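Report on the following structure.
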Amino acid sequence: MEQLKIKDLEFKWNGQENPLLRIDHLRIEKGERFFLQGESGSGKTSLLSLLAGITTPQKGAIELLGQLINKMKAGERDEFRASYMGYIFQQFNLVPYLSVIENVTLPCQFSNHRNKAVLASGSNARDEAIRLLDHVGLAGKEVLHKPVTELSMGQQQRVAACRALIGSPEIIIADEPTSSLDEKAQQAFIRLLLAECSANQATLVFVSHDAKFSHLFDKSARLENGGIIYTEQKSKGGAK
Amino acid sequence: MKFILKLALKSIRYRKATLLLSILSISLSVILLLGVERIRSGIHDSFTSTISGTDLVVGARTGNISLLLSTVFHIGYTNQNVSWESYEAISSSPEVSWGIPLSLGDSHRGFPVLGTTADFFTHYKYGHNLAVQPKTGNTNIGEMNCVLGSKVAKELGYEVGDNVVVTHGMGKEEFMKHDDEQFVVTGILSSTGTPVDQTVFVSLFAMDAIHSHFYGQETEEHDVFEDVLNSHEGHQHEKEPNSITGFFMGLKNPADILAVQRKINNYKSEPLTAIMPVVTLTELWNIVRPVEKMLIVISVLVLIVALGGILATLITSLNDRRREMAILRSTGAKPKHIFGLILIETIAVILSGILTGIIILQAVAILSKNLVAEKLGLMIPMEWFTINELLLLFSIILLGTLVGILPAYQSYKKSMSDGLTVKK
């Protein structure tokens, strides 16, 4: 069953003449780990904004979890994002004035759905945050009590991953989450993220300008001139 | 929204170094605004209650304000006097409860000398019906005794038992000295914040005796001291003066005030003016009202400047916070949450500024209360907020909220267009 489907999409920002994105067809299956490579200026940011429901396309349809999010109102899209999506930024992912645990539990504060999902698993937001942090090796007291601004880049990204994963959202979007890390840390982070997504049965959309880790994913594609070009495919997961 | 409140408070704590300046500038303008208002109302209250309990002030025909100035504030001269006969006649009329004769015109080293009777200390009231009390000694102004207002004693360094020489005329230039007429200080009054503080009180009869002596109205040469003492000890009858500057009057029934006033103003045997001191005090106060308004306007301007400063700080900081907003949005915050966050932060900063201001103001007011009362003779009201002050506080909060809406709306807009993209 596909979890993300794009059809005949055309998108341009206000004032632009030619469409920035023109995607005839894109499908990502449930639990699939999808790698999307794109140089800067390839329309990567726009595509992520569309997937996250911040903007809507002028033409075509975006279907997430079977729902047409381009038909939703802004508030509904916000709600949808909060409930079903975890988002990891390139860097500086954390709210500086919140503790590590508060950062991780943020989605439970804004989304009832995510909070309920945590409670349904027999835990609570705080314990779930500690469990996730423990998984990524950050549950030590010296980390938990540190101001988030004093964590290393790698630690910050791992905290961000925990936040994206809390409440088991169906879709995780990672926007160049490793670009601020050194190579060794990059690979470790990607492996960790892949493992956690598998454990949560989350669909992962991983975006990077650097194709060198694409072999770790189930499926990969390249964004070029506003269009999607499928590259290699491993016969694994729900990929078709 | 509860979570947004928590978020806002944490954010403020994180930014406290920057926000402290904003809080401080708000609290300073609150101190200024409330302080000016409090001092203004303090001055107004103490001014309009310079004299209380006195129903009518009577003097020779003149303007209301000049009569008030000369009799109550001891400022300026009266050209005409009131004859003793008129005083006696009026003060013994059935409606009148008491009368205090006043004789002015002499001074002691720049301080006015008031010749009056012991009744002054019984009936003269100021503030909320406060009597003039001696701080040391007593208020006996019989014979050649005198009683000093607190400021006179303090500035001239007199103590009970000292001798005081009275000069004719007002002012420091002692162009006519009643050289040998020495008074003995029997009492020093407590500070009242009224012209009483700057007055030397002597007996009306002693004063008149000096004048008679000095101006040679008495043909025989004799010692005034003895004269006064004799008249006192002798037949319990003090020689009445021919005329006085004016007199204070209390009526038995306040409902008679207007009728008595009219009667005095139409007095047949001599042209007189009677005023209700409260009314004339208010008239006098209205003269300085524009200054009062100006003070308020200036402090409101200071407040606006402070709020403008906060606005500038907030708007500058918003740009640095776009990433934070994107993070919050990515975790599910809606634009309305962002709006609420910024608005709550602004209001919280303004409220803490107001609170700090109030605390500092109250502390300063309590600590300096005695000092202000003593040095300035001003009783700054210490009770909880007056309606005026509450109105001011309310408008500060309202203005502050309005100021908060602008950056909140801006970040609301920005968080819509920025979405999850963060330009570093």
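This structure is a prediction, so every number in the text was calculated from the model and none was measured. Below, each value reflects all heavy atoms present in this structure, side chains not excepted, and no hydrogens, waters or symmetry copies. Residue numbers begin at 1 in each chain, while the letters A, B, ... track the order of the sequences.
Using a 4.5 Å cut-off between heavy atoms, B/R13 does not touch chain A at all. Heavy atoms of B/I4 lying under 4.5 Å from chain A belong exclusively to its side chain. For A/Q90, no part sits under 4.5 Å from any heavy atom of chain B, backbone or side chain. Contacts of A/S46 with chain B are absent, with no heavy-atom separation under 4.5 Å from either backbone or side chain. When heavy atoms are compared at a cutoff of 4.5 Å, A/P96 approaches chain B by way of both its backbone and its side chain. Using a 4.5 Å cut-off between heavy atoms, A/I166 does not touch chain B at all.
Aromatic ring orientation, B/F339 versus B/Y412: perpendicular (interplanar angle above 60°, classes split at 30° and 60°). Note: B/H337 and A/F110 have tilted aromatic rings, judged against thresholds of 30 and 60 degrees for the angle between ring planes. Using the six-membered ring where Trp is involved, B/Y14 and A/Y97 have ring planes that are tilted, between 30° and 60° apart.
Between A/E39 and A/K44 there is no salt bridge, since no side-chain N of the basic residue sits under 4.0 Å from a carboxylate O of the acidic one. Under the 4.0 Å criterion applied to side-chain N and carboxylate O atoms, A/E128 and A/R131 are assigned as salt-bridge partners.
Between B/S27 and B/G353, the shortest heavy-atom contact is CB-O, 3.0 Å.
Between chain B and the options A/N103, A/I173, A/V95, heavy-atom pairs under 4.5 Å are most frequent for A/V95.
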